[in-house]
Amino acid sequence: MKLTEFELKVLNKLKHVPRGRVTTYGALARSVGRPGAARAVGNALNKNPDAPITPCHRVVYSDGRLGGYAGGAEKKIGLLKGEGVGVKNGRIVDFKKIFYRF
DNA sequence: GCTCTGACGATTT
DNA sequence: GAAATCGCCAGAG
């Protein structure tokens with residue numbers, strides 16, 4: 001699995017996100033030094049070489065909406081709820097409170 | 001090197 | 001508050 005430096009940095013940063021917390025694509029993009037590259041970040045997560053290791057399910061929209069997931073939206077919701085993250089109508093409950101800032 | 005695509009984001013109506 | 005629009009960056013062909 002060959003990944004670019006950008007993708008590797010994104011995945012690595014994502015691993016630093018603690019359990020029960022969520023982050024956004026934009027914040028993740030900033031953490032790797034590419035503000036505004038939220039889309040590219042999403043593309044990188046989509047490859048998701050190590051699904052269980054990399055908590056890609058903890059990445060959501062800046063609005064607090066879930067966004068997407070390679071394994072399916074339902075799967076993402078289940079994982080989040082399993083960590084204590086409330087999900088209501090495809091939206092994160094208390095998103096601002098559990099938002100992880102790098 | 002150009003063009004298209006996509007798990008986004010902020011602005012506007 | 002919801003929906004539509006435009007702009008954004010990194011890969012793949």
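Proteins get letters first, then strands, A, B, ... in listed order; numbering begins at 1 in each. Just so it is clear, the values below take in all heavy atoms, side chains as well, and ignore hydrogens, waters and symmetry mates.
Take Arg91(A) and apply the salt bridge (charged side-chain N to carboxylate O under 4.0 Å, His left out) test, not counting sequence neighbours, and it matches no residue. Annotation: side-chain contact (heavy atoms from CB on, under 4.5 Å) contacts of Arg19(A) (sequence neighbours excluded): Arg58(A), Glu83(A). Among residues two or more places apart in sequence or in another chain, the side-chain contact (heavy atoms from CB on, under 4.5 Å) test is passed with Ala38(A) by Tyr25(A). Ile98(A) is linked by a side-chain contact (heavy atoms from CB on, under 4.5 Å) to Arg21(A), Val22(A), Val85(A), Ile92(A), counting only residues two or more places apart in sequence or in another chain. The side-chain contact (heavy atoms from CB on, under 4.5 Å) test applied to Arg39(A) returns no partner, not counting sequence neighbours. Under the salt bridge (charged side-chain N to carboxylate O under 4.0 Å, His left out) criterion, Asp63(A) pairs with Arg65(A), sequence neighbours left out.
For the pair Arg65(A) CZ and dC8(B) P, the interatomic distance rounds to 10 Å; values are reported in whole Å. Residue Ile92(A) contributes atom CD1, which lies 18 Å from atom P of dA7(B) at whole-angstrom precision. Distance CG (Leu66(A)) to P (dC8(B)): 12 Å, rounded to an integer number of Å.
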Any protein N or O atoms within reach of nucleotides 9-13 of chain C? Criterion: under 3.5 Å, listing atom names and distances.
| from | atom 1 | to | atom 2 | distance (Å) |
| --- | --- | --- | --- | --- |
| dA10(C) | OP1 | Arg34(A) | NE | 2.9 |
| dG11(C) | OP1 | Thr4(A) | OG1 | 2.3 |
| dG11(C) | O3' | Lys47(A) | NZ | 3.2 |
| dA12(C) | OP1 | Lys47(A) | NZ | 3.3 |

Protein N or O to nucleotides 1-5 of chain C N or O, pairs below 3.5 Å:
none

Measure all distances between protein nitrogen or oxygen atoms and nitrogen or oxygen atoms of nucleotides 10-13 of chain B, and list the pairs falling under 3.5 Å.
| from | atom 1 | to | atom 2 | distance (Å) |
| --- | --- | --- | --- | --- |
| dA10(B) | OP2 | Ser62(A) | OG | 3.0 |

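Using a 4.0 Å heavy-atom distance criterion, Gly26(A) is classed as a sugar-phosphate-only contact. If you check every strand for non-hydrogen atoms under 4.0 Å, Tyr61(A) touches sugar and phosphate atoms only.
In this structure, Ile53(A) stands alone, with no Ile, Leu, Val, Met, Phe, Trp or Tyr side-chain heavy atom under 4.5 Å from its own, directly or through other members.
Applying the ring pair (Phe, Tyr, Trp, His ring centres under 6.0 Å) rule to pairs touching residues 75-102 of chain A yields Phe95(A)-Phe99(A), Tyr100(A)-Phe102(A), sequence neighbours excluded. Within the structure, side chain to side chain donor-acceptor pair (under 3.5 Å) pairs that include any residue of residues 1-18 of chain A comprise Thr4(A)-Glu7(A), Glu7(A)-Lys47(A) (at least two apart or interchain).
Contact between Thr24(A) and Val59(A) at its shortest, heavy atoms only, is C-CG1, 3.9 Å.
Not a single donor-acceptor contact under 3.5 angstrom links the side-chain atoms of Tyr69(A) to the base of dA7(B).
Of the options Val10(A), Leu14(A), Leu11(A), a side chain to side chain contact (heavy atoms under 4.5 Å, CB included) to Cys56(A) is made by Leu14(A) and by none of the others.
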